[in-house]
Amino acid sequence: MRGLSDASVLISGAAAGIGRAVSLAFVECGSRVSLVDIDGPALDLLARELDAPDRIATTVADVTAAEGARQVVDDTVTRFGGLQVLVNVVGGSQPGADVIDLSEAQWNSTIAFNLTSTFLMCHFSIPHLRQNAKGSVVNISSGSGLRGMRKNPAYCAAKAGIVGLTKAMALDHGDEGIRVNAVAPGPILTPLMQRLRTAEEIDAFGSLTILGRVATAEEVARVVLFLASDEASFMTGQTLEVDGGVRGGF
């Protein structure tokens, strides 16, 4: 992918699932990658697997809090001398409650985990991206933010918010050379899905797609890589669905 070799890339939620696949993909492209996650042992395991100490940095941080987000951005800029690409992967949910059963605390934590984290990372990263007169932000939304999902209202609201935030930032920062896009995955076979869903439920998700299966995290990572690269130089404000052609709601 053009423009990614030696680029300084910051990835939140890097240690597992889509974030892990995205991290591997950028390192394979020759990028210098700052890996951020709240799970220190998983982050260490990924760093050992990548085995590129001169081109990776790891930071354990909670990016749902302003201080954590500020610190990882500052650390990345200090280590790599700047920032060209931000990928916001951190997020997730625990489905099972409708809006009646969902508590205010559960609502707030889900919004913070998925939407506030993305806002904070962008808030502290954009000033560094604009210094290059060229930069790229890729946010991870979800098909649930476009079509909805049963028993998961806070997650749907947060992921829909990422779509809106992506469009707003594209408008605000396009004249600074910063492109902002999002990816909306459909059913993806990640460790999180395997923990939260039964094998029967996973098969059912796959049956909702035209392709008849759930995706791998690597298939999502390739789209993230494309949007971050110069191959997508005339794309901004877009949300690309990577869902195998989902035919109905979950």
Study note, to complete from the structure: In short, Ser141 meets Pro185 closest at the heavy-atom pair O-CD, 3.4 Å
Exercise for review: Please determine which of Thr236, Asn181, Val180 meets the side chain to side chain contact (heavy atoms under 4.5 Å, CB included) test together with Val137.
Suggested key: Val180
Review point. Please, which pairs that meet side chain to side chain donor-acceptor pair (under 3.5 Å) have at least one residue in residues 5-22, sequence neighbours excluded?
Key: Asp6-Arg32, Arg20-Glu49
Check your understanding: Have Ser103 and Gln106 got a donor and an acceptor in their side chains that come within less than 3.5 Å?
Key -> yes
Practice item. Check whether Leu146 and Ile188 end up in the same hydrophobic cluster, where Ile, Leu, Val, Met, Phe, Trp and Tyr are linked by side-chain heavy atoms less than 4.5 Å apart. Key: no
Practice item. With sequence neighbours left out, write down each residue that passes ring-ring contact (aromatic ring centres under 6.0 Å, His included) with Phe119, or none if nothing qualifies. Key: His123
Practice item. Report yes if the side chains of Lys159 and Asn139 come closer than 4.5 Å at any heavy-atom pair, otherwise no. Key: no
Review point. Would a hydrophobic clustering, with Ile, Leu, Val, Met, Phe, Trp and Tyr connected at side-chain separations under 4.5 Å, put Ile38 with Met121?
Key: no
Review point. Given Leu240 and Met235, is the side-chain contact (heavy atoms from CB on, under 4.5 Å) satisfied, shown in steps?
Key: CA-CA 11 Å; Leu240 297 187; Met235 293 182 66; 4.1 Å; yes
Check your understanding: Does a salt bridge link Asp175 with Arg130, judged by any charged N lying under 4.0 Å from a carboxylate O?
Key -> no
Exercise for review: Can you establish whether the number of heavy atoms outside Gln94 located under 6.0 Å from its atom CD is more than 12?
Suggested key: no
Review point. Does Asp230 pair with Lys134 as a salt bridge, N-O distance under 4.0 Å?
Key: yes
